Amino acid sequence: MALDRSTLRTDITFLSRRVKPAARADTSAPAARADTSAAAPVPAAAPPSSAAAPPAATSLSLTRTPAPASPTPATSAAAPSADARPVAAARPARLFPAPGIGETRLLNAQTPMIRLDRRQSAIGSLLVTGATSAAWESSKHVTGAMSVDGTVSGTSITCPGNRPLVGYVDGTAVVALRHVRELRRALFIGHPSTSLSVEIFDGGTVTLPAADGETGYILSLTAIDGVIELRAEPVPARADAPLHWQEFGFSMTTQAAARRQGP
């Protein structure tokens with residue numbers, strides 16, 4: 001006969017069924033959790049993101065995850081301002097037409113000026129024969145002068161290699177054309193009874209005549225954007241060199257002033 005285990009037996013007291021405290025606590029816990037979840041406020045749903053986040057990698061993958069697109073820069077920063085103006089590039093000097101050194105042999109009142117080309121102005125040396133005095137002014141406005149006997153006034157200009165920009169070699173005035181852009185202008189004065197001759201590296205020559213009565217000529221050299229112009233300037237024949245320097249605006253630079261201007 002099968003035993004009925006669903007009913008509680010009262011005849012055996014020590015076999016009576018007891019409920020353990022832990023089991024009693026477990027049976028009451030779901031109800032407490034249900035009450036707590038019912039009382040807690042439900043958080044609001046997050047707004048949808050504008051760009052979906054890339055899925056998290058759950059396994060080893062050799063494929064590249066595309067990088068997020070960089071934000072577009074502000075239009076005001078990328079586009080130039082309407083008031084901004086482009087900087088104009090330096091324009092070469094525009095020179096009026098002039099004869100070259102091969103087109104005339106004499107500089108006088110009829111043909112007072114010639115112009116060398118860029119090649120003739122930058123190669124070798126320009127030689128002036130018959131000059132007893134030479135004055136110069138550099139591109140930095142440093143001024144000086146030298147006589148044929150070696151007497152120096154003002155400040156000398158020395159080029160790389162310890163060579164003077166304008167000086168004398170064996171009684172001939174020499175201009176170092178390799179450094180012509182360091183020269184602004186020069187003045188060559190000769191004896192009234194002697195002509196001045198100019199020669200360049202390719203054999204081109206031009207001559208200034210000797211004084212005719214009370215009027216003589218001195219040679220003015222001007223460097224414009226690396227191009228040399230030679231001009232015969234009429235002057236009083238008997239005037240001395242310092243008077244010519246003053247007349248043409250050559251104010252000799254002292255050594256102290258040259259040091260203040262720097263290299």
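Quick caveat: nothing in here was measured; it's all calculated off a predicted structure.
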> If you measure from CD1 on Ile157 to CG on Leu183, what distance do you get to the nearest 0.5 Å?
Replying inline: 6.5 Å

>> Is the shortest side-chain heavy-atom distance between Glu247 and Val235 below 4.5 Å?
In response: no

> Considering only heavy atoms from C-beta outward, does the side chain of Thr158 approach that of Pro164 to under 4.5 Å?
Replying inline: no

>> Restricting to side chain to side chain donor-acceptor pair (under 3.5 Å), what partner residues turn up for Asp170, sequence neighbours left out?
In response: none

> Would you say the side chain of Trp245 lies within less than 4.5 Å of the side chain of Ser133, judging by non-hydrogen atoms?
Replying inline: yes

> What are the two closest non-hydrogen atoms of Ala131 and Val148, and how far apart are they?
Replying inline: O-CB, 4.2 Å

> At what distance, to the nearest 0.5 angstrom, does CD1 of Ile101 lie from CG of Leu230?
Replying inline: 6.5 Å

> Roughly how far, to the nearest 0.5 Å, is NZ of Lys140 from OG1 of Thr155?
Replying inline: 13.5 Å

> For the atom pair CH2 (Trp136) and CG (Leu165), what is the distance rounded to the nearest 0.5 Å?
Replying inline: 9.0 Å

> Under the 6.0 Å and 45° cation-pi test, does Arg185 pair with Phe250?
Replying inline: yes

> Are the side chains of Met146 and Val166 in touch, meaning some heavy atoms are under 4.5 Å apart?
Replying inline: no

> Minimum heavy-atom separation for Asp225 to Arg181, with atom names?
Replying inline: OD1-NH1, 3.2 Å

> Is there side-chain contact between Val128 and Thr172, with heavy atoms separated by less than 4.5 Å?
Replying inline: no

> Should Thr143 and Arg184 be marked as a side-chain hydrogen bond (donor to acceptor under 3.5 Å, both in side chains) after you check the CA-CA gap, both sets of side-chain angles, and the distance that decides it?
Replying inline: CA-CA 10 Å; Thr143 308; Arg184 184 169 180 262; over 6 Å; no

> Is there a donor-acceptor pair closer than 3.5 Å between any side-chain N or O of Gln246 and the backbone N or O of Leu243?
Replying inline: no

> Could you state the interatomic distance from CG (Leu116) to OG (Ser121), rounded to the nearest 0.5 Å?
Replying inline: 4.5 Å

> Ile228, Val175: one ILVMFWY side-chain cluster at the under-4.5 Å cut-off?
Replying inline: yes

> Considering all heavy atoms of both residues, which atom of Ile218 and which atom of Phe188 are nearest to each other, and what is their separation?
Replying inline: CB-O, 3.5 Å

> Do you know which two heavy atoms are closest between Ala135 and Met252, and how far apart they sit?
Replying inline: CB-CE, 4.5 Å

> Of the non-hydrogen atoms in Ser193 and His191, which two are nearest, and what is the gap between them?
Replying inline: OG-ND1, 2.8 Å

>> Side chains of Arg105 and Thr205: any donor to acceptor distance under 3.5 Å?
In response: yes

> Which atom pair, heavy atoms only, marks the closest approach of Leu187 to His244?
Replying inline: CD2-O, 4.1 Å

> What distance separates Cys159 SG from Glu182 CD, expressed to the nearest 0.5 Å?
Replying inline: 5.0 Å

> Yes or no on side-chain contact (heavy atoms from CB on, under 4.5 Å) for Phe201 and Arg119, after CA distance, side-chain angles and deciding distance?
Replying inline: CA-CA 10 Å; Phe201 78 99; Arg119 177 171 170 268; 3.8 Å; yes

>> For Ile189, is there any backbone N or O sitting under 3.5 Å from a side-chain donor or acceptor partner on Thr132?
In response: yes

